[in-house]
Amino acid sequence: MNFYCKCSNLCSLPPSLSSSSGVRIQYERIGSDVTMQCGTLGSDASITWKVNGSDVDTSVLEGPNLILRNVTLSYNGLYSCFEDSSGDLQDQISLRIGSPPREPVVTCRSNTYPKGFYCTWYLPFPTYIPNDFELTALQNTKEIECQRDAVHKNKCHLKFYQMFSSLKYKVTVTAKNALGKSSATITFDEFSIVKPDPPEKVTAKPIPDNPRRLEVAWQTPSSWPEPDTFPLKFFLRYRPLILDKWQHVELSDTNSHTITDACTGKEYIIQVAAKDNDIGTWSDWSVPIHATPWMEELKPPTNENQPPLITTTTSSSSVPPQSPSYQVSATTRNSATTIPRTVSLLLGITIFLFI
Amino acid sequence: MATNCRDGLSVTSRQELFSKAIQQARKLHKDAKQLQQAYLEKQGLSMNLNPDVTYGIPTAATSHWSELTDAERLNSGLTAYRTFRSLLEEVLDEQRNNLNTEDLEFHQAISSVITQVEAVIEVIEQAMLSLDLPIPCHSDRKLENLSLFERKLRGYKVLLELSNWALRSVRDFSHLNKKRKEAAHLLRSSIARSTRRTSRADPPRN
């Protein structure tokens, strides 16, 4: 059985030491059998245990000791023991059930190449009790200082000790808690972790009089520090909203592209990714944007270019020359043309049957 | 005015030269990397091999790359590629005579990389001339007495460092190009400013 104090730097202190509030903290593993001692009372002392103010089942007592078997998270609580003769509070133990940490999952990435990189980590399984993490980074034998992120507690910023080096970096993250510790090490070279942030401010505009074109523009991610010396290339993908298949274009030395094969009148979804021209991997996709190629603002049909049947239908209409209204008149026209065809077909079938 | 025009032209031609150097170094980086993989496979070496031994191979690693002067950049590149040329010739000889005697395609791939290294040497020399930098003389490399296995390892290390150096050269020339562009921009701005000042100082014509 292990006794630990709350803070990791107090863990080597004897278990009888109390925290400032007089409550001892006792960490125990899930599934273990737990013995809680009531202060320094002898085995013949008669005492009562309470958990969170409620009585504890007397069957779990062994003299003044409280025995809990196969503990689960539901056993967490504040346990208090009282001397029966005086009713005085003798001891208070905060029982915290948890697990030792498993190997953390570590990822390192440089989105600010060549300035530096960062490493993040997480535990694949919860421990239910507080954890501490330590990171050590080496390039060959040279130790590299790690600057903890001000916001994200599981993130650390590092500088490249050298550039263009074939010596690998070795990053070890050790997770510790009151019940144990575990560590994971990853090894990588400078070039493999370079992954820029996605391009920013992606825009797509229709081009007047070009029903199949869209002008797409974007900006280099603002986190990328030296785009002139460390240029990025880009990957553009686009598809009509109603289709699943993407079309792709890879581009260098430019922050814009004209899509020339868009489907007329279709709304498109467009995204861009970035990668260092020579090393590393592609960024995530930028936030999707939507755009529709230019569409002709259709005028109401005139008498000269309409079939005689429709002339009657639309000439009686007073719809303004705007595209949504035009669609209405087009529907009318379609239904007008469909009805006579259906009538002719029915007539044909009837004649055929009579024959 | 004539001086400014000449400066402008030379800036443009330097930019073209640097762009050419970037393309050549980029191709060399890619090909050296491919050759490095092929070398590992053909010599039966581990994929995670990273020999600490240096064998006098120029290392591209630097902790103060951004602070280098133009002359330091180009000089160190030139010295490195001259050494790589000599080392690659030895690697090719080792392959032809001892390690991989039958694989003509592989020999050809090494020869092609040597040719590319020579092209990069030439373009660096041109860049140095265009920047009025002195071209250092070539000093002969000391030949080392290595076992067959050590030569095998050295061959890999040569290709590993060559691909890193080629990448460094891409960055070096991009950096030089950026500096020239900035200089050209400054020059154009100062010409525009002085032209505006002159036209403001001209008396109005009646």
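Numbers restart at 1 for each chain; the letters A, B, ... are given by sequence-line order, proteins then strands. In what follows, every heavy atom counts, from backbone to side chain, and hydrogens, waters and symmetry copies are set aside.
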| So, are A/Lys153 and A/Asp149 salt-bridged, with charged N and O less than 4.0 Å apart? | no
| said: Tell me whether A/Cys119 and A/Cys108 have SG atoms closer together than 2.5 Å. | reply: yes
| said: As an exercise: rank B/Ser163, B/Ser66, B/Ser63 by heavy-atom pairs under 4.5 Å with chain A and give me the winner. | reply: B/Ser63
| Checking B/Thr59 against chain A: side chain, backbone, both or neither under 4.5 Å from a heavy atom? | neither
| query | Which bit of A/Asp253 is near chain B, if near means a heavy-atom gap under 4.5 Å: side chain, backbone, both or neither? | reply | neither
| field | Sidechain N-carboxylate O distance under 4.0 Å for A/Lys176, A/Asp132 | value | no
| message | Given heavy-atom pairs under 4.5 angstrom as the criterion, report whether the side chain, backbone, both or neither of B/His175 touches chain A. | response | both
| query | With only heavy atoms counted, which part of A/Phe160 is less than 4.5 Å from chain B, the side chain, the backbone, both or neither? | reply | neither
| Where does the angle between the aromatic ring planes of A/Tyr268 and A/Tyr238 fall among parallel (under 30°), tilted (30 to 60°) and perpendicular (over 60°)? | tilted
| query | Is the shortest distance from a Lys or Arg side-chain nitrogen in A/Lys195 or A/Asp284 to a carboxylate oxygen in the other one below 4.0 Å? | reply | yes
